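First up is the structure itself, then whatever we jot down about it.
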Number of protein chains: 2
Amino acid sequence: MNFDSFIQENGKQVIFKKHEHVFMQGESNDNFYFLRSGLLKAYYVLEDGRESVKSFILSGNTITSLTAAYTKEQCSFSLVALQESQLIEIPFDCIEEATRRSHDMARKVIEILLSLSMKKERREYELLSLPAEERYRQLCETSPQLIEAVTQNDIARYLGITPVALSRIKKRLLNMN
Amino acid sequence: MNFDSFIQENGKQVIFKKHEHVFMQGESNDNFYFLRSGLLKAYYVLEDGRESVKSFILSGNTITSLTAAYTKEQCSFSLVALQESQLIEIPFDCIEEATRRSHDMARKVIEILLSLSMKKERREYELLSLPAEERYRQLCETSPQLIEAVTQNDIARYLGITPVALSRIKKRLLNMN
DNA sequence: GTGTTGCGTTAACCTCGGTTAAAAATAGAG
DNA sequence: CTCTATTTTTAACCGAGGTTAACGCAACAC
């Protein structure tokens, strides 16, 4: 069976308005989510109250807190809607169980996890090896629609810098061209 | 069938002496590796010649260049032995094929990929949210044996800073306690 | 309208890490 | 052991980003 149709059939549609949380860091949440429309932000809150953005989730993509859904610990991050969002919620165990029953489903999940790993590897590389200015330039090139949709505040936290620093970087880039 | 015994039976044992490369960034390499003994370093070389360390591989762990083995592009990083290392080499396609034939194998691969994803998520979090000094402190706590076995040069590149900066951090930490 | 709230920019100051270079300490090779 | 390499430390200088605070601006409520 197709993974997408499996999700559609076994999942439950849920809607979150702008600024509503899907889950909060520290809570438990066993679900896997597929975003049909809208825009989500996954973010960490540090001990000192500072915030950093793990990722933005665009429609058509999926998100789950592995620590909460797979190992049953607390969510390591919070998930909030930046726009009204329509998502499909499905218990992680339900997928887990499907991979036990269906060989096809297991193979499909492997594919998904492989792309997920490659995406994470790319992000890890950028954070490790590229300076903030370069990370910003690449983000502008690869995801111009994101720059439009999201506040500069959140872009900065996603790049691992402060909004003030991002404002300076933008100015520097302008003065170059 | 057990994943480890599958690797043992279908893989080929290879040995790399200190400083020998398993593969180089830019090459193609379709293999999945299991490290039986020794120590490996996976690292990126940037356009300007600078180097950053993606990860250290301890014995009992596995490593593969997903971009090369899965999507058949070039290796995105180089892999070198820091000590004489004994590893099992197995074509990625061989595992891929095994997941097609065997449901058990597919389920085992899912488990492996899930832990891999969680490990990467942790690293991503540290690079994004923690200052270099804190990353170093945590590394000392969680992997003291690594600090012993690896040059400070490589530790610094793993933390995303220069050896000079790491030397200063160590001094700062000493003067505190 | 007025007030409020949040976002983006700018400036001043400070800290941390990068760069370069030199010295000190260790490790390897013969 | 001796003589090189390599690694680590230290110092001086610089630049990028953090912090704080002020200001301008737009959106929105009232």
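Since the model is a prediction, treat every value here as computed from it, not as a measurement. Residue numbers begin at 1 in each chain, while the letters A, B, ... track the order of the sequences.
To the nearest angstrom, P of dC16(C) lies 10 Å from CZ of Arg168(B). Nucleotide dG28(C) holds its C1' atom 17 Å from the CG atom of Leu82(B), rounded to whole Å. For the pair Leu166(A) CG and dC7(C) P, the computed distance is 14 Å after rounding to whole Å. Following rounding to the nearest Å, Arg157(B) (CZ) and dG18(C) (P) show an atom-to-atom distance of 8 Å. Between Asn153(B) atom CG and dA27(C) atom C1' there is a gap of 14 Å when expressed in whole angstrom units. The interatomic distance linking Leu130(A) (CG) with dG18(C) (P) rounds to 14 Å, in whole Å. dC16(C) atom P lies 10 Å from atom CD1 of Ile169(B), rounded to whole Å. The distance between atom CG of Leu127(B) and atom P of dG17(C), rounded to the nearest whole Å, is 14 Å.
Residue contacts shown for Ser167(B) include a base, since a base heavy atom lies under 4.0 Å away.
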Derivation and outcome, side chain to side chain contact (heavy atoms under 4.5 Å, CB included), residues Leu79(A) and His21(A): CA-CA 6 Å; Leu79(A) 185 61; His21(A) 274 81; over 6 Å; no
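Ring pair His103(B)/His103(A) is parallel by interplanar angle, where below 30° counts as parallel and above 60° as perpendicular. Phe32(A) and Phe3(A) have perpendicular rings, their planes meeting at more than 60° on a 0 to 90° scale where under 30° would count as parallel.
A donor-acceptor contact closer than 3.5 angstrom links the side chains of Thr99(A) and Arg107(B). A donor-acceptor pair shorter than 3.5 Å cannot be found between the side chains of Ser59(A) and Ser37(A).
In the set dG17(C), dA21(C), dG8(C), dG17(C) carries the atom at the smallest distance from any side-chain atom of Ala165(B).
By the 6.0 Å and 45° rule, Lys54(B) stacks over the aromatic ring of Phe77(B).
Chain B approaches DNA chain D over the interval dT8(D) to dA12(D), counting the first and last nucleotide 5' to 3' with an atom under 4.0 Å from its heavy atoms.
Taking side-chain N and O atoms only, Arg172(B) has a distance below 4.0 Å to OP1 or OP2 of dG17(C).
Ring centers of Tyr158(A) and Tyr43(A): at least 6.0 Å apart, outside the cut-off.
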